[in-house]
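Just follow the structure's listing: the first ligand is 1, and inside any ligand the first atom is 1. Excluded from the calculations below are hydrogen atoms, water molecules and symmetry mates; all remaining heavy atoms, backbone and side chain alike, are included.
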Amino acid sequence: MSGAFDVAIVGAGIIGLACARAAARKGLRVVVIDRDAQANGASVRNFGFITVSGQERGATWHRARRTCAIWREVAEEAAIPILQRGLWLTTRRAEALPLLEAFVQTEMGEGCEILSPAAAHARCAALTAKDTQAVLVSSTDIRVDSRTAIPRIAAWLGARFGVEFLRQTTVLSAEPPRLETSRGPVQAGAVIVCPGDDLTGLFAERLARYDLTRCKLQMLRLANPGFRLPGAVMSDLGLLRYAGYSRLPEAAPLRSRLEAEQPGELAHGVHLIAVQNADGSLIVGDSHDYAATPDPFASEHVDQLILGEFAAATGHPAPTVLERWTGTYASAADRTMLIDAPSPGVRIVMITSGSGASTGFAIGEEVIADLFGGSACNGHR
Ligand SMILES: Cc1cc2nc3c(=O)[nH]c(=O)nc-3n(C[C@H](O)[C@H](O)[C@H](O)COP(=O)(O)OP(=O)(O)OC[C@H]3O[C@@H](n4cnc5c(N)ncnc54)[C@H](O)[C@@H]3O)c2cc1C
């Protein structure tokens, strides 16, 4: 460690790294402290799907647009491959079409078009589900492999900006200009706590003011199916999960139909996201079960619901499962994220929805502008 820092960031997930990037670009001296030896939280367990389409209307959608633009810059500078571009949301229910038509009429429909089944098939023969009714194609979304992207961002921040990383170090208290850690004190003028879904650690009394819980998701990696997906693939169930679609009034008939036809999926918050790696393998998920301490067990029943939705949406049987894992994130019913200020030099930043990879870089800029001045440019007023 090299003396005092302008800002110490607790947590080396995507939110801590996003804050570190924004601070380092201002010329600030930055240290990032994490209790794990390498990233192990939600930021490396996710799809790496940086999605604008379907994000909650307003601030979250604007943050996603800004974040996607920053990802493109960072990917270039840090040599992170963008593995997929675009989203194909395939629908099998007639009730989805009026919802898609309403969606593309809003500002959130930027970069989106609706394809008929024939037009979709002409563009991508691999998606062969016979009962496809319409496909929403979005050109705005991108996808990276989080397992490699997150370590690369950390390495790039160190090499490009001199950001220091203190790993295998738990922060025990944070009262600038001093943090107490499991490896001794650290001096910093400001502190940003980005603790993922740790609701009972640092500033637990502040977090208790919010109505927070945790959400467990089940994820799978499947063998190369022998074809390339045209982009990230979602299905009708995603139209109920993503607030940008589900809060439109036209979602009501689709909701009624899915409640009647797929109650098991809805009970476990199952919807489909399928993305593809450079080696052809697929990352497929997910489910949403809520508890203060979710159990760590992946239910085979829930995995089968996810795999069944993959088969129905793509028209192909699910390939062999190569890996299974669970992940957790903090969750709140009334907000997608929170920034809390327990004291003038301290901020807590927590994503309370499954959108941190999609909104984090913009949030990092906002937090640094708030603490150190300047403006964040997510385009939302
Ligand atoms: C399975 C899954 C799929 C998802 N898919 C997507 C997706 O495709 N797109 C998307 O936008 N979002 C997705 N999300 C959500 C997204 O991954 C999260 O919103 C985001 O990763 C949260 O980042 P974070 O930095 O806050 O948390 P984390 O990645 O959990 O990082 C928090 C870090 O803080 C450290 N820490 C906590 N307390 C301390 C302490 N006291 N001292 C030291 N270190 C500490 C932890 O060790 C950890 O490394 C998904 C989430 C999951 C679980």
### Query
Is the closest basic N to carboxylate O distance between Arg257 and Glu259 below 4.0 Å?
no
Under the criterion ring-ring contact (aromatic ring centres under 6.0 Å, His included), I'd like the reasoning laid out for His316 against Phe227: C-alpha separation, chi angles, the key distance, then a yes or no.
CA-CA 10 Å; His316 296 276; Phe227 58 84; 4.1 Å; yes
In terms of side-chain heavy atoms, does Asn224 have a donor or acceptor partner in Ser281 at a distance below 3.5 Å? no
Between ligand 1 and Gly327, is the shortest N or O to N or O distance under 3.5 Å? no
With heavy atoms and a 4.0 Å threshold, my read on which part of Arg45 contacts ligand 1 is backbone
Per ring pair (Phe, Tyr, Trp, His ring centres under 6.0 Å), Phe103 is matched among Trp61, Tyr242, Tyr245 by Tyr245
Quick look: Thr328 vs ligand 1, heavy-atom contacts under 4.0 Å, and the answer is backbone
Atom CG of Asp211: over 12 foreign heavy atoms under 6.0 Å: no
closest protein heavy atom to atom 51 (C) of ligand 1 is Tyr329 CD2, 3.6 Å
Quick note on ligand 1: atoms under 4.0 Å from a heavy atom of Ser43 include exactly 20 (C), 21 (O), 23 (O), 24 (P), 25 (O), 28 (P), 29 (O)
Have Arg183 and Thr169 got a donor and an acceptor in their side chains that come within less than 3.5 Å? yes
One finds that the ligand 1 atoms under 4.0 Å from a non-hydrogen atom of Asp36 are 47 (O)
Here the atoms of ligand 1 under 4.0 Å from any heavy atom belonging to Ser353 are 19 (O)
Going by the 4.0 angstrom heavy-atom rule, the piece of Phe49 near ligand 1 is both
Does any N/O atom on Asp34 come nearer than 3.5 Å to any N/O atom on ligand 1? yes
| message | Pairs of nitrogen or oxygen atoms closer than 3.5 Å, one from Val171 and one from ligand 1: do any exist? | response | yes
Sub-4.0 Å heavy-atom approach of Gly48 to ligand 1: yes
If you scan protein heavy atoms around atom 30 (O) of ligand 1, the nearest is Ala42 N, 3.4 Å
Side chains of Thr51 and Ser53, donor plus acceptor under 3.5 Å: no
>> If you count every heavy atom of other residues, nucleotides or ligands that lies below 6.0 Å from Glu300 atom CD, does the total exceed 12?
In response: yes
Atom 34 (O) of ligand 1: closest protein heavy atom, distance to 0.1 Å, is Gly11 CA, 3.3 Å
One finds that the ligand 1 atoms under 4.0 Å from a non-hydrogen atom of Gly354 are 10 (C), 11 (O), 12 (N), 13 (C), 14 (N), 15 (C)
Logged contact type for Leu202 with ligand 1, heavy-atom cut-off 4.0 Å, is side chain
For atom 19 (O) of ligand 1, the closest protein heavy atom turns out to be Gly356 N, 2.9 Å
Numbered in order shown, the ligand 1 atoms found under 4.0 Å of a heavy atom of Thr169 are 43 (C)
protein heavy-atom neighbour closest to atom 31 (O) of ligand 1 works out as Gly13 CA, 3.5 Å
Counting heavy atoms under 4.0 Å, the part of Ile351 that contacts ligand 1 is side chain
Sorted by chain and residue number, the salt bridge (charged side-chain N to carboxylate O under 4.0 Å, His left out) partners of Glu73 (sequence neighbours excluded) come out as Arg21
Asn46-ligand 1 polar pair, N/O distance under 3.5 Å: yes
Honestly, for Ser358 the part within reach of ligand 1 (heavy atoms, under 4.0 Å) is both
field: Salt-bridge contact Asp6-Arg29 (side-chain N to carboxylate O under 4.0 Å)
entry: no
Open item on the list: Around atom CZ of Arg25, are there more than 12 heavy atoms from other residues, nucleotides or ligands closer than 6.0 Å?
Closed with: no
The protein heavy atom nearest to atom 26 (O) of ligand 1 is Ile15 CG1, 3.3 Å
Should Arg324 and Asp303 count as an ion pair when the cut-off is N to O under 4.0 Å?
yes
re atom 27 (O) of ligand 1, the protein heavy-atom contact at minimum distance is Gly196 CA, 3.3 Å
Among Ser182, Pro195, Ala357, closest by heavy atom to atom 37 (C) of ligand 1 is Pro195
The atoms of ligand 1 lying under 4.0 Å from a heavy atom of Ile14, numbered in the order shown, are 20 (C), 21 (O), 23 (O), 25 (O)
Atoms of ligand 1 under 4.0 Å from any heavy atom of Val10, numbered from 1 in the order shown, are 39 (C), 40 (C), 42 (N), 43 (C)
- Item | Under 3.5 Å side-chain donor-acceptor pair for Thr91 and Asp236 | no
The reported gap from CG in Leu166 to CD1 in Ile9 (rounded to nearest 0.5 angstrom) is 13.0 Å
Item to complete: Output yes when the distance from some N or O of ligand 1 to some N or O of Asp197 is under 3.5 Å, and no in every other case.
Response: no
**Request:** Look at Arg35 together with Asp198 and state whether they make a salt bridge at an N to O cut-off of under 4.0 Å.
**Result:** yes
Ranked by distance from atom 43 (C) of ligand 1, the top protein heavy atom is Arg35 N, 3.3 Å
Counting from 1 in the order shown, the ligand 1 atoms closer than 4.0 Å to a non-hydrogen atom of Cys194 are 32 (C), 33 (C), 34 (O)
Across all chains, not counting sequence neighbours, the salt bridge (charged side-chain N to carboxylate O under 4.0 Å, His left out) partners of Glu175 are none
Practice prompt. Classify the side-chain pair Ser353/Thr336 by whether it contains a donor and acceptor separated by less than 3.5 Å.
Written response: no
